[in-house]
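Just below is one structure, and these are the notes that go with it.
Remember, it's a predicted structure, so these values are computed and weren't measured experimentally. Sequential numbering from 1 along the given sequence is applied to the chain's residues. Every number for a ligand or one of its atoms is a count from 1 in the order of the listing.
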Amino acid sequence: MRHRTYMDRSVDQDRENGGNIKVLTAIWPYLRPYLAAVLGAGIALIVAASTVLALGQGLRFMVDRGFGDGGGRVLDLALSVLLGVVVVLAMATYARFYIVSWIGERVVADIRQAVFDHVLKLSPGFFEITRTGEVLSRLTTDTTLLQVVIGSSISVALRNILLFLGGAMLLAVTSLKLTGIVFLFVPLVVAPIVLIGRIVRRRSRAAQDEVAAVSGYAEETLSAIRTVQAFTHEEVDRWRFAETVEHALDVSISRIRARAILTALVIMLVFSAVGLILWLGGRAVIAGEMSPGELSAFVFYSILVAGSVGAFSEVVADLQRAAGAAERLFELLATEPMIAPPSAPVSLPSPTEGAVRFTDLTFHYPAQKEIAALSNFNLAVAPGERVALVGPSGAGKTTVFQLLLRYYDPDIGSICLDDVDIRGADPVDVRRCIGLVSQEPTIFSANAMENIRYGRPDANDDEVRAAADAAAATEFLERLLDGFDTFLGEKGVRLSGGQRQRIAIARAILRDPAVLLLDEATSALDSESEHLVQQALERILASRTSIVIAHRLSTIRQADRIVVIDGGRIVAEGMHDRLIAEGGLYTKLAERQFDLSVDPA
Ligand code: ADP
């Protein structure tokens, strides 16, 4: 089974897109909780639009009556009515703006959380085919686009629809004949706008993809800054980044060009039409078919109608942009995690004893279908047993961990934890029983206390300190400027390899898992660190099931059993001395990796 992601689809996206503001209806479930606010905004919108329309009637009244006999009093009256109407308009506009913007912010905050919650559930396999920067750009750029739409464009669009409909009706009441002429021009105005609007939309989508590519590239380079500098790769990166940026710029400019043409076209068409109306209406007044007040109102409404078409076409572009964003967000939300809890998960025994069994297991990585990472793999680890996995690089050792953590499911065969097939259990339950100390432990940008507490977020400070003690980490932590409160820096760059490992071990100790997975660091530690790390490991490995990807002789010698893996298969099993006596792969590995060339003892 392969992930279906928006990445796969974005290639086909433009073809699929064919004018799809409908996608925006998917926002509705997020709006529903704020129904009262939505209704309030609707009322404010209607009141505001009605008052604007009423102004035209006021204008007609004033022009026809205000300039005749007793016009002074009529003008006084008109002014006070006008002021009243304007106050209502201002209040309704305030309410509309405030409520609608509030809904926009609120809903987008909810969507951001939903997307983040969802992405956290996706299996590591998803992130192999999707760049983190891409996901980040969904969370920031795309949600911001949606915010513009929910927090303004939709209400602007609705207001303009109301103004258009109301204005058109009042036009018809004033002069049917002129209205007919006005509406002859409507298709002439609207058709080119819609056509060019579509082009704008297609280009917007491409522009967003390019921006995501830019941030993806920057993210990747910056997160590997040490590698970049070590290989003095800056020149190439600078050049490639510049290329990416320039390409994004080209795509954006092509969008802006289309948008500029669209705006110019709207202005030209709309104002020509208004000029024509004035001309025709002027003739009607001269002929006595219309009063000057009616013409004034007519022009007022024509401008409203024309303006509403113009404003609408502006926001249509926004709506279309947001439709692209919404599409990708909801696609991301619809991406099913490869590993999902079954509808009725089997619960693991509590406390878990830590018996692990791989039975007749074969597994291919989704991105590597041809070669089995593990095949016909059988391994039973008894509770409390310590197993060392040994094998050349690429043998499948890490894969054993990945499957046990249920980042992937095997193609054939099963993995049981305490006789429960983990495929039938909730992955969260499974992972709760497992502690992982990886080769390159992740240090988060927080203080030491929080970094260790990561192992068990509800642990109190004393428990954290006890874990640090057991992991031989207290001494170096206390020596830091602020002790346990010292900020460890982005990704722990201020710590040595051995120190980072001891933090990871402290985390695992705090977690107190039934099964511990340890990927020993291949990088050499200084002998002082080495000794301390070994001590710490002894404490955590004692009394629990452990599977260790071993790189050090001392670890191997203390294992209850050594399992030699090659090409995804177990090729030998046993104790160190016996395996050495057998010769074969283990002896070769031992000579190379553990420096046993002289004396295996
Ligand atoms: P080891 O830990 O023994 O060095 P791994 O378990 O990491 O080996 O890898 C076993 C095989 O699976 C290798 O051939 C490797 O290239 C492949 N592999 C590992 N991870 C992935 C992945 N995420 N996608 C595709 N192939 C992978």
Residues Asp458 and Arg456 bridged, charged N to O under 4.0 Å: yes
message: Please determine whether a side-chain nitrogen of the Lys or Arg among Arg328 and Asp142 lies less than 4.0 Å from a carboxylate oxygen of the Asp or Glu.
response: yes
- prompt: Which of the atoms of ligand 1 are close to Thr399, meaning less than 4.0 Å from one of its heavy atoms?
  reply: 5 (P), 6 (O), 9 (O), 10 (C)
query: So is there a nitrogen or oxygen of Thr398 less than 3.5 Å from a nitrogen or oxygen in ligand 1?
result: yes
statement: Note: ligand 1 atoms sitting under 4.0 Å from heavy atoms of Gly396 are 1 (P), 3 (O), 5 (P), 6 (O), 8 (O), 10 (C)
statement: Residues passing the side-chain contact (heavy atoms from CB on, under 4.5 Å) test with Ser204, sequence neighbours excluded, are Val200, Gln208, Arg255, Arg321
field: Whether Ser393 lies under 4.0 Å from ligand 1, heavy atom
entry: yes
message: If you measure every N or O of Ala373 against every N or O of ligand 1, does any of those distances drop under 3.5 Å?
response: no
statement: for atom 11 (C) of ligand 1, nearest protein heavy atom and its distance come out as Gly394 O, 3.7 Å
message: Out of all atoms in ligand 1, which are within 4.0 Å of some heavy atom of Tyr408? Include the element for each.
response: 23 (N)
message: Under a 3.5 Å cutoff, is there a donor and acceptor pairing between the side chains of Asp469 and Thr474?
response: yes
message: Counting only heavy atoms, tell me which of Phe401, Tyr407, Tyr365 gets closest to atom 17 (C) of ligand 1.
response: Tyr365
- request: Answer yes or no: is there a donor N or O on one side and an acceptor on the other, between the side chain of His118 and the main chain of Gln113, under 3.5 Å?
  value: no
query: Does one side chain, of Arg507 or Asn451, offer a donor that lies under 3.5 Å from an acceptor on the other?
result: yes
field: Partners passing salt bridge (Lys or Arg N to Asp or Glu O under 4.0 Å) against Asp117 (at least two apart in sequence or in another chain)
entry: none
statement: If you scan protein heavy atoms around atom 23 (N) of ligand 1, the nearest is Glu128 OE2, 2.9 Å
field: Protein contact for atom 25 (C) of ligand 1 (heavy atom, distance under 4.0 Å)
entry: yes
field: Within reach of ligand 1, part of Phe127 (heavy-atom separation under 4.0 Å)
entry: neither
field: Flag, side chain of Lys397 to backbone of Pro392, donor-acceptor distance under 3.5 Å
entry: yes
field: Interfacing atoms of ligand 1 (cut-off 4.0 Å, heavy-atom, Ala395)
entry: 1 (P), 3 (O), 8 (O)
query: Does the ring of Phe484 carry Arg465 above it, NZ/CZ under 6.0 angstrom from centre and within 45° of its axis?
result: yes
- request: Identify, for atom 16 (O) of ligand 1, the protein heavy atom at the shortest distance, and state residue, atom and that distance.
  value: Gln368 NE2, 4.5 Å
message: Whether the Thr399 and Tyr365 side chains hold a donor-acceptor pair (N or O, under 3.5 Å, no angle test) is what I'd like checked.
response: yes
query: With only distance considered, is Ile549 within less than 3.5 Å of ligand 1 through an N or O on each side?
result: no
query: Backbone or side chain, does any N or O of Ala367 fall under 3.5 Å from an N or O of ligand 1?
result: no
